[in-house]
Amino acid sequence: MRSLALLLVAGLAATVALPAQAAVPPESCALVYPVATSCTYVAADVASFVGTGPFHLRVSYTDSRGRSRTRYDIDSPAGEATVIGTTDARQIGIGDTVEGEVLGPGGALGIGNPGAVPHSPVRMVEAPRLDGDTTQVHDPAIVASRGWYYVYSTGPGIPIRRSKDLVRWESAGRVFGANSPPWAPQLVPGTEFPWAPDLSFFAGRWHLYYAVSTFGSKRAVIGLATNVTLDPSDRRFGWRDEGPVLDSRDLADPSGLPSDYVALDPNVVRDASGTPHLVFGSFYGGLRSLRLNPASGRPVLPLLPVPLATNVQEYTGVEAGYMINRHGWYYLFASYDYCCRGTDSTYNVRVGRSRSINGPFIDDLGIPMLAGGGRYVLVSHGDMRGPGHNSVLRRGNRFDIVFHWYDAANSGIPTLGILPLRWTADGWPVARD
């Protein structure tokens with residue numbers, strides 16, 4: 001455990017050595033009884049921890065009313081080893097107050113991510129609560145059409161919500177009459193309903209891409225449905241199932257070739273010539289992209305996806321890629337760390353940019369997203385825990401970031417969040433409250 005302490009300190013020194021004058025290095029604690037026995041700090045990075053008892057670790061945050069709320073409190077008995085981060089969902093999130101203490105002989109506690117890249121200071125903002133049907137929302141995709149804003153999200157049949165003003169939301173049905181299209185349970189046994197829909201308009205039709213999988217599996221399929229309109233009162237309205245367009249398997253799956261990516265979290269962006277590209281990927285293998293045939297909506301070279309982003313320092317994944325273009329730059333937003341743990345979620349959104357749709361995507365400190373870089377856009381703050389899986393609404397020169405978050409004041413229920421995006425003088429998006 002003494003070697004762990006040295007590794008943590010050495011890793012921290014290595015991050016400071018990077019050319020990043022404005023960077024905030026990730027804090028860390030390296031406690032070994034009796035040399036160092038306690039530490040307290042506010043985390044500026046998502047961190048994992050390991051230890052051998054006896055030790056005590058308390059992680060807390062301040063809610064919207066200024067009250068300190070405990071996320072978790074761990075007492076490790078003497079001699080008991082605890083490894084968190086690689087096998088357990090409990091992580092230290094940005095803005096968390098960390099209090100660590102080793103309590104006796106044999107006690108050791110290491111907190112931090114050795115070798116983690118530095119990042120710029122984080123702007124802490126909190127989403128306002130919206131009205132109407134805004135809870136139980138995961139992975140929202142937003143578009144505007146004929147005076148309405150539509151949000152499609154993860155859930156049985158792919159639920160649809162709509163609003164006139166981005167504040168008051170109402171249910172507007174769902175895409176599929178059943179929980180999933182008929183082919184989904186045949187290709188992915190155990191799947192319950194589609195995940196992570198994405199809406200885009202090209203070739204005269206709306207294209208709805210979505211994923212079917214089971215939690216933690218590499219077996220996943222991206223499907224497609226099309227429609228000529230999003231208005232349910234239009235007589236032409238009706239979603240047409242186009243079937244699967246991309247899939248992934250692990251090494252043990254005998255049904256086809258294994259892949260080094262996961263076919264999840266689709267997003268379509270068009271390049272300067274108008275050609276659509278599919279951004280996708282999750283946890284295993286990071287984010288990738290493929291050029292699409294506009295006529296069919298299917299990948300042109302499905303076996304040759306372009307790598308876009310990975311997460312190599314924090315022992316968790318990067319997923320939910322969403323790309324936009326603005327003023328000659330392509331901006332790649334992505335969600336990092338743990339989703340779907342209620343108020344224990346450490347999900348956060350980061351961004352990099354490139355002059356090419358295929359990257360490399362670089363953050364404001366010059367660190368590639370393929371090397372763990374990414375400028376923070378959204379992190380937990382107050383009652384807004386684990387914000388992530390964003391989409392972006394553009395109306396002329398105005399941008400809004402749309403995402404889900406877990407409401408600590410409402411039993412950790414996943415909730416729709418919307419915040420305006422502003423742009424710095426050097427062209428970086430900043431979420432504002």
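Keep in mind it's a predicted model, so treat the numbers as computed, not measured. Computed over heavy atoms, backbone and side chain alike; hydrogens, waters and symmetry mates excluded.
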For this session: Could you walk me through whether D426 and D364 pass the side-chain contact (heavy atoms from CB on, under 4.5 Å) test, one step at a time?
Result: CA-CA 9 Å; D426 55 348; D364 58 326; 5.7 Å; no
For the pair [X] and [Y], find out whether any cationic side-chain nitrogen is under 4.0 Å from an anionic carboxylate oxygen.
| X | Y | result |
| --- | --- | --- |
| D234 | R236 | yes |
| D247 | R219 | yes |
| R385 | D63 | no |
| D363 | R350 | no |

Rounded to the nearest 0.5 Å, what separates atom [atom1] in [X] from atom [atom2] in [Y]?
| X | Y | atom1 | atom2 | value |
| --- | --- | --- | --- | --- |
| D265 | T154 | CG | OG1 | 8.0 Å |
| T424 | R123 | OG1 | CZ | 12.0 Å |
| S273 | I357 | OG | CD1 | 8.5 Å |
| D400 | L393 | CG | CG | 5.5 Å |
| R129 | D407 | CZ | CG | 4.0 Å |
| D96 | Y61 | CG | OH | 9.0 Å |

Please report the closest heavy-atom contact between [X] and [Y], naming both atoms and the distance.
| X | Y | result |
| --- | --- | --- |
| A141 | L199 | CB-N, 4.4 Å |
| A431 | L419 | CB-CD1, 4.5 Å |
| P299 | L292 | N-CD2, 3.6 Å |
| P140 | H389 | CD-O, 3.6 Å |
| P429 | R375 | O-NE, 4.2 Å |
| P182 | D241 | CD-OD2, 4.2 Å |

Exercise. Should the ring pair H404 and Y347 be called parallel, tilted or perpendicular, given that the plane angle runs from 0 to 90° and is split at 30 and 60?
Worked result: parallel
Exercise. Would you call the rings of F202 and H207 parallel, tilted or perpendicular if under 30° counts as parallel and over 60° as perpendicular?
Worked result: parallel
Exercise. How far apart are the C-alpha atoms of E319 and V262, what are their side-chain angles, what is the distance that settles it, and do they pass the side-chain contact (heavy atoms from CB on, under 4.5 Å) test?
Worked result: CA-CA 10 Å; E319 57 190 14; V262 185; over 6 Å; no
Problem set entry | Among L278, V268, L308, side-chain contact (heavy atoms from CB on, under 4.5 Å) partner for S289 | L308
Problem set entry | For V377, the option from V351, V122, V125 that meets side-chain contact (heavy atoms from CB on, under 4.5 Å) | V351
A quick test of your reading: do over 12 heavy atoms of other residues, nucleotides or ligands sit less than 6.0 Å from [atom1] of [X]?
| X | atom1 | value |
| --- | --- | --- |
| R146 | CZ | no |
| R65 | CZ | no |
| R394 | CZ | yes |
| N397 | CG | no |
| E99 | CD | yes |

Would you check if the side chain of [X] reaches a backbone N or O of [Y] as a donor-acceptor pair within less than 3.5 Å?
| X | Y | result |
| --- | --- | --- |
| Y284 | G216 | yes |
| R71 | D344 | yes |
| E126 | D383 | yes |
| N348 | T346 | yes |
| T134 | T415 | no |
| S380 | G386 | yes |
| T191 | S213 | yes |
| T343 | A408 | no |

For this session: Using ring pair (Phe, Tyr, Trp, His ring centres under 6.0 Å) as the criterion, point out the one residue from W195, Y210, Y209, Y261 that pairs with F280.
Result: Y261
For this session: Would you mind listing every salt bridge (charged side-chain N to carboxylate O under 4.0 Å, His left out) that reaches into residues 193-216, with sequence neighbours excluded?
Result: R205-E242
For this session: Keeping to residues at least two apart or across chains, list the salt bridge (charged side-chain N to carboxylate O under 4.0 Å, His left out) pairs with something in residues 280-308.
Result: D260-R288
For this session: Decide side-chain contact (heavy atoms from CB on, under 4.5 Å) for S145 and D231; before the verdict, give the C-alpha distance in whole Å, the side-chain angles of both, and the deciding distance to 0.1 Å.
Result: CA-CA 8 Å; S145 178; D231 183 359; over 6 Å; no
Using a 4.5 Å cut-off on heavy atoms from C-beta on, say whether the side chain of [Y] contacts that of [X].
| X | Y | value |
| --- | --- | --- |
| R174 | F193 | no |
| V143 | W206 | yes |
| Q136 | P159 | no |
| R161 | V137 | yes |
| L421 | F333 | yes |
| M124 | V379 | yes |
| C340 | Y406 | yes |
| D337 | N311 | yes |

For this session: Under the side-chain contact (heavy atoms from CB on, under 4.5 Å) rule, what do S335 and V349 come out as? Steps first, then yes or no, please.
Result: CA-CA 5 Å; S335 295; V349 176; 3.9 Å; yes
Exercise. Y322 and F403: aromatic ring centres closer than 6.0 Å?
Worked result: no
List the atom pairs, donor and acceptor, that lie under 3.5 Å between side-chain atoms in residues 323-332 and the rest of the protein, sequence neighbours left out.
residue, atom, partner, partner atom, Å
N325, ND2, R270, O, 3.3
Y330, OH, A272, N, 3.1
Y331, OH, G427, O, 2.5

